[in-house]
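Take a look at the structure below.
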Amino acid sequence: MSDTPGKQQNTAAFYGQAVASFAVAMAATAIGIYQLSADAWVRAFLAIAVLYLVTSAFTLSKVIRDRQEGTGVASSYAPYEKH
């Protein structure tokens, strides 16, 4: 193990997989809402709810990341290190 704490970088493949997964999930949800046999206002309500959920999830993940970076938890976490 390294003694110098450094910020871990994600690989390009991991980043690409995350972006692709998000795109597929959003596309599947949009198609599902579009194909739903309901009134237009119901589909619009569901679409707005999905957008609100996505933006809330992004905000929550940013807040958690910022809190971890501020307290140093992310850089000092070493689960296999002997104390």
ask   = Among Leu36, Ile31, Thr29, whose side chain to side chain contact (heavy atoms under 4.5 Å, CB included) with Ile33 holds?
value =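 The single option meeting the side chain to side chain contact (heavy atoms under 4.5 Å, CB included) with Ile33 is Thr29.
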
Cluster link Phe58 to Met26, ILVMFWY, side chain under 4.5 Å =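 In one cluster: yes.
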
task = Indicate, with yes or no, if Trp41 and Val50 share a hydrophobic cluster defined by side-chain heavy-atom contacts under 4.5 Å among Ile, Leu, Val, Met, Phe, Trp and Tyr.
result =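 They do share one cluster, since a chain of ILVMFWY contacts under 4.5 Å joins Val50 to Trp41.
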
query = Charged N to carboxylate O under 4.0 angstrom, Arg43 versus Asp39?
reply =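 So Arg43 does not pair with Asp39 through a salt bridge.
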
[X] side, atom [atom1]; [Y] side, atom [atom2] - distance, nearest 0.5 Å:
| X | Y | atom1 | atom2 | value |
| --- | --- | --- | --- | --- |
| Thr11 | Gln17 | OG1 | CD | 9.5 Å |
| Leu51 | Leu46 | CG | CG | 11.0 Å |
| Glu69 | Ile64 | CD | CD1 | 12.5 Å |

